[in-house]
Amino acid sequence: MVTQQFELRKKLFEYRFPHELKLLTYSKIDGGWITHDELKKARKARKDLKERQLMGR
């Protein structure tokens, strides 16, 4: 789970080591394993689409 504490630890890890830390998440809707950032974008896009559809009624 991504928490404030995790975000801080991720920044400290990336500062200390020359690696980028990527979180993977499994999502049936989005077709399998994707990064956490991609999942957030996909969820936001679905939410925006749903809101636009409700506004058009």
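The structure displayed is predicted, hence computed values, not measured ones.
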Do L39 and V2 sit in one hydrophobic cluster, given that two such residues count as connected whenever their side-chain heavy atoms are within less than 4.5 Å of each other, even indirectly?
no

Does Q4, at its CD atom, have more than 12 non-hydrogen atoms belonging to other residues, nucleotides or ligands within less than 6.0 Å?
no

To the closest 0.5 Å, what do you measure between CD (E38) and CH2 (W33)?
13.5 Å

More than 12 heavy atoms of other residues, nucleotides or ligands under 6.0 Å from CZ of R46: yes or no?
yes

Reported NZ-to-CZ distance for the pair K11 and F6, which is rounded to 0.5 angstrom:
11.5 Å

Say whether F17 and Y15 are linked into one hydrophobic cluster, either directly or through other cluster members, by side-chain heavy-atom distances under 4.5 angstrom.
no

Look up atom OG in S27 and atom CZ in R43, then write down how far apart they are to the nearest 0.5 Å.
6.5 Å

Roughly how far, to the nearest 0.5 Å, is CG of D30 from NZ of K41?
12.5 Å

T35 side chain reached by K40 side chain, heavy atoms, under 4.5 Å
no

Q5 atom CD, neighbour heavy-atom count above 12 within 6.0 Å:
no

Can K44 and D48 be said to form a salt bridge (charged side-chain N to carboxylate O under 4.0 Å, His left out), step by step?
CA-CA 6 Å; K44 183 175 179 357; D48 291 344; 3.2 Å; yes

For L49, does the CG atom have more than 12 heavy-atom neighbours from other residues, nucleotides or ligands under 6.0 Å away?
yes

Distance (rounded to the nearest 0.5 Å) between T25 OG1 and D37 CG
9.5 Å

Any link between L24 and Y26 through a network of hydrophobic side chains (Ile, Leu, Val, Met, Phe, Trp, Tyr) touching at under 4.5 Å?
yes

Where is the tightest heavy-atom contact between L21 and E14, given as atom of each residue plus distance?
N-OE2, 3.0 Å

